[in-house]
Asker: 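Just dropping this structure here.
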Amino acid sequence: MKKIRLLIADTDSSYLNALVRYLIGTGNQYEVTGYTDVARFVREGNDFTLGLLGKEFIDAVRKHPVKKQQFGRIMHLTDSIDEEKTDYEQIYKFQNMSTFIEQMRNAINIHCADSRLKSKENLAQNIRVIFSPMHHELALPFALSMAKIMGENTQTLFVDMEDISVLQQLLDRDMKRDLGDYLYHIAGQDVPDGNMVDFIGFYDTFYYMAPMKGLSALAQVTPEQWIGFIGNLRKSEFEQVIILMDSSVNGMDEILQAADDILLLGKPGEYYSYSMKVFAERMSLEGLADKCRQMLLPMSAAGQGVGQPAMGQMIGGNLGSFVRREFANAGAV
């Protein structure tokens, strides 16, 4: 397939870098050029299928009409849905990424499937998000059990994206580097790569990335940073990626849109059933219903043994047996 040549021009370098990384991470469809400097943009002499241009660059095109000839199509990249209208179709910067990509592709009449889900680089990869709308206390042990079982058949990475986590206690590991360190690492690179070796640990059959340290640290990560992170996951060699999501994530929608599957953990009881129904309706409005699977987790933490919680204790109990029955063959799919 012929590559789509994109030029993205915006004075917000953080946003520009995140969007470029995301588009590159979706596969090999896009050849992306980015500019934050108007003067360099004006000097650019190549031709592009599509230009996504911020206000300053739209103004530059007005002043240099010959620039229009370089683009098959131009879209106005806006900070606000209320931004002043121009001669070009607007595309809002901070909408969810599936809608952003769809609008962009429709603008150039390309309707083929988004290669983000199954890129040529890693056809076997599956990114699965686990989330409990009612905060099931066994969400972490459940996700770890799932990672262990899938890790028996495939190369598996577990990412703990919880605000408050007991992962270190469950695995009995001294975790020196974590998700926050990795995000800081890739933010400091001009061209961030997907190398995660220095930021992950190994337990039994699976790799893990430890949660961020500090209260509210998770909420301070921007949606653009998460987009870059998901793009790097897509370039990794892991066939199964399991992300345990927390409601404090700023950019939750972007992550859910990028995932292949979403597993919603529920609890027994009429109240929890009602809460799950309300959340599922919201997911449907976001166009995520086809990705979602609801699962009732009937056991509680009280039934997982006595004393300090331990991974081996939980995997060997009724929780581990439950997860194995549900996902024993999932890693081979």
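This is a predicted model, so every value here is computed, not measured.
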Asker: How close do S165 and D160 get, counting heavy atoms only, and between which atoms?
Answerer: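 That closest heavy-atom pairing would be OG-OD2, 2.5 Å.
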Asker: Give a yes or no on this: more than 12 heavy atoms of other residues, nucleotides or ligands lie within 6.0 Å of atom CZ of R293.
Answerer: yes
Asker: Does one hydrophobic cluster hold both L288 and F131, with members joined at side-chain heavy-atom distances below 4.5 Å?
Answerer: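 Yes, L288 connects to F131 through the hydrophobic network.
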Asker: Using a cut-off of 6.0 Å, state whether more than 12 heavy atoms not belonging to N46 lie near its atom CG.
Answerer: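 Counting neighbours around CG of N46, more than 12 heavy atoms of other residues, nucleotides or ligands fall under 6.0 Å, so yes.
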Asker: Check whether any side-chain N or O of Q103 sits under 3.5 Å from a backbone N or O of Q90 as a donor-acceptor pair, and report yes or no.
Answerer: yes
Asker: Is a side-chain N or O of D261 found less than 3.5 angstrom from the main chain of R128, in a donor-acceptor match?
Answerer: no
Asker: State whether E224 and K93 are salt-bridged, where the test is any N-O pair (Lys NZ or Arg NE/NH1/NH2 against Asp/Glu carboxylate O) under 4.0 Å.
Answerer: no
Asker: Would F41 end up clustered with I91 when hydrophobic side chains under 4.5 Å apart are linked, directly or stepwise?
Answerer: no
Asker: Would you say that M245 contacts I255 through its side chain, given a criterion of any heavy-atom pair below 4.5 Å between the two side chains?
Answerer: yes
Asker: Would you say the side-chain atoms of D10 pair up with the backbone N or O of G54, donor to acceptor, closer than 3.5 Å?
Answerer: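 Side chain of D10 to backbone of G54: no pair is present.
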Asker: With distance as the sole test, does T154 use its side chain to make a donor-acceptor pair with the main-chain N or O of M150 at under 3.5 Å?
Answerer: yes
Asker: Under a 4.0 Å threshold between the charged nitrogen and the carboxylate oxygen, would K176 count as salt-bridged to D198?
Answerer: no
Asker: Where do V32 and V20 land on the side-chain contact (heavy atoms from CB on, under 4.5 Å) test, with the steps shown first?
Answerer: CA-CA 7 Å; V32 189; V20 170; 3.8 Å; yes
Asker: List the steps and the verdict of side-chain contact (heavy atoms from CB on, under 4.5 Å) for F229 and L179.
Answerer: CA-CA 10 Å; F229 176 64; L179 174 59; 3.8 Å; yes
Asker: Taking the side chain as everything from C-beta on, heavy atoms only, tell me whether F142 gets closer than 4.5 Å to L263.
Answerer: yes
Asker: Quick check on D172: does its CG atom have over 12 non-hydrogen neighbours (other residues, nucleotides or ligands) under 6.0 Å away?
Answerer: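 No, the 6.0 Å shell around CG holds no more than 12 heavy atoms from other groups.
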Asker: Under 4.5 Å between side-chain heavy atoms, hopping through other hydrophobics if needed: is there a path connecting L53 to Y92?
Answerer: no
Asker: Less than 4.5 Å apart, any side-chain heavy atom of L144 and any of L244?
Answerer: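 When only atoms from C-beta onward are counted, L244 and L144 do not touch, as no gap falls below 4.5 Å.
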Asker: Judged by atom type as modelled, is there a donor-acceptor pair below 3.5 Å linking the side chain of T205 to the main-chain atoms of K148?
Answerer: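 Checked: pair present.
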Asker: Compute the ring centroids of F94 and Y15, then answer whether they are less than 6.0 Å apart.
Answerer: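 Yes, ring centres under 6.0 Å apart.
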Asker: Are any side-chain N or O atoms of Q225 and backbone N or O atoms of T222, one a donor and one an acceptor, separated by less than 3.5 Å?
Answerer: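 Side chain of Q225 to backbone of T222, a donor-acceptor pair under 3.5 Å: yes, one is there.
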Asker: Is there side-chain contact between S275 and Y271, with heavy atoms separated by less than 4.5 Å?
Answerer: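 Answer yes - side chains close enough.
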Asker: Is there side-chain contact between L157 and S236, with heavy atoms separated by less than 4.5 Å?
Answerer: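 No, their side chains stay 4.5 Å or more apart.
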Asker: Can a side-chain donor-acceptor contact be found between Q125 and Q240 if the only test is distance below 3.5 angstrom?
Answerer: no
Asker: How long is the straight-line distance from CD of Q294 back to CG of L297, given to the nearest 0.5 Å?
Answerer: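 Going from CG on L297 over to CD on Q294, the span is 13.5 Å.
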Asker: Any donor-acceptor pair under 3.5 Å linking the side chain of Q257 with the backbone of E286?
Answerer: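 Answer holds: yes.
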Asker: Do you know which two heavy atoms are closest between D246 and L218, and how far apart they sit?
Answerer: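 D246 and L218 have their closest heavy atoms at CB-CD2, 3.8 Å.
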Asker: Do other residues, nucleotides or ligands put more than 12 heavy atoms under 6.0 Å from the CZ atom of F202?
Answerer: yes
Asker: Checking S284 side chain against A280 main chain: does a donor-acceptor pair fall under 3.5 Å?
Answerer: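 It does not hold such a pair.
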Asker: Test the R5-F48 pair against the cation-pi criterion, namely NZ or CZ under 6.0 angstrom from the six-membered ring centroid and within 45° of the ring axis.
Answerer: yes
Asker: Using every non-hydrogen atom in the two residues, find where V38 and A60 come nearest and quote the distance to one decimal.
Answerer: CG1-CB, 3.9 Å
Asker: Checking R73 against T49 for the side-chain contact (heavy atoms from CB on, under 4.5 Å) test, could you report, in this order, the C-alpha distance in whole Å, the side-chain angles of both residues, the deciding distance, and whether it holds?
Answerer: CA-CA 6 Å; R73 186 76 179 266; T49 313; over 6 Å; no
Asker: I need the L233 CG to I127 CD1 distance, nearest 0.5 Å.
Answerer: 5.0 Å
Asker: F57 and L52: same hydrophobic cluster, using ILVMFWY side-chain contacts below 4.5 Å?
Answerer: no
Asker: Under a 4.5 Å cut-off applied to non-hydrogen side-chain atoms, are I58 and I74 in contact?
Answerer: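 When only atoms from C-beta onward are counted, I74 and I58 do touch, with a gap below 4.5 Å.
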Asker: If I compare all heavy atoms of L170 with all of P141, which pair ends up nearest, and what's the gap?
Answerer: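 Closest approach of L170 to P141: CD1-CG, 4.2 Å.
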Asker: Nearest 0.5 Å, please: how far is NE2 in H135 from OG in S247?
Answerer: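 These two atoms lie 4.0 Å from each other.
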Asker: What do you reckon, are the aromatic ring centroids of F158 and Y203 less than 6.0 Å apart?
Answerer: no
Asker: Would you give the length of the straight line joining atom CG of L19 to atom CG of L77, rounded to the nearest 0.5 angstrom?
Answerer: 7.0 Å
Asker: Is it true that V166 and I242 fall in one hydrophobic cluster, defined by side-chain heavy atoms closer than 4.5 Å?
Answerer: yes
Asker: So, taking the atom named CD1 in I164 and the one named CG in L140, what distance separates them when rounded to the nearest 0.5 Å?
Answerer: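 Those atoms lie 12.5 Å apart.
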Asker: CE/M161 to CH2/W226 distance, rounded to the nearest 0.5 angstrom?
Answerer: 4.0 Å
Asker: Where is the tightest heavy-atom contact between A107 and E89, given as atom of each residue plus distance?
Answerer: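 Result for this residue pair: CB-OE1, 4.2 Å.
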Asker: If you count the non-hydrogen atoms of other residues, nucleotides and ligands that lie under 6.0 Å from NZ in K213, is the total more than 12?
Answerer: yes
Asker: For K291 and A259, indicate whether the former's side chain and the latter's backbone hold a donor-acceptor pair under 3.5 Å.
Answerer: yes
Asker: V61 and side chain to side chain contact (heavy atoms under 4.5 Å, CB included): which partner among H76, Q70, K67?
Answerer: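 Among H76, Q70, K67, the one meeting side chain to side chain contact (heavy atoms under 4.5 Å, CB included) with V61 is K67.
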Asker: Indicate yes or no: does D59 engage K55 in a salt bridge with an N to O separation below 4.0 Å.
Answerer: yes
Asker: D181 side chain to D178 main-chain N or O, any donor-acceptor pair under 3.5 Å?
Answerer: yes
Asker: Does the side chain of Y208 come within less than 4.5 Å of M175's, by heavy atoms?
Answerer: yes
Asker: With a cut-off of 6.0 Å (strictly less than), are more than 12 heavy atoms of other residues, nucleotides or ligands near CD of E281?
Answerer: yes
Asker: Without hydrogens or angle criteria, can the side chains of Y182 and N232 be said to hold a donor-acceptor pair below 3.5 Å?
Answerer: yes
Asker: Where is the tightest heavy-atom contact between T156 and A147, given as atom of each residue plus distance?
Answerer: CG2-O, 3.9 Å
Asker: For F71 and L50, run side-chain contact (heavy atoms from CB on, under 4.5 Å): C-alpha distance rounded to whole Å, both residues' side-chain angles, the deciding distance at 0.1 Å, then the answer.
Answerer: CA-CA 6 Å; F71 301 96; L50 176 66; over 6 Å; no
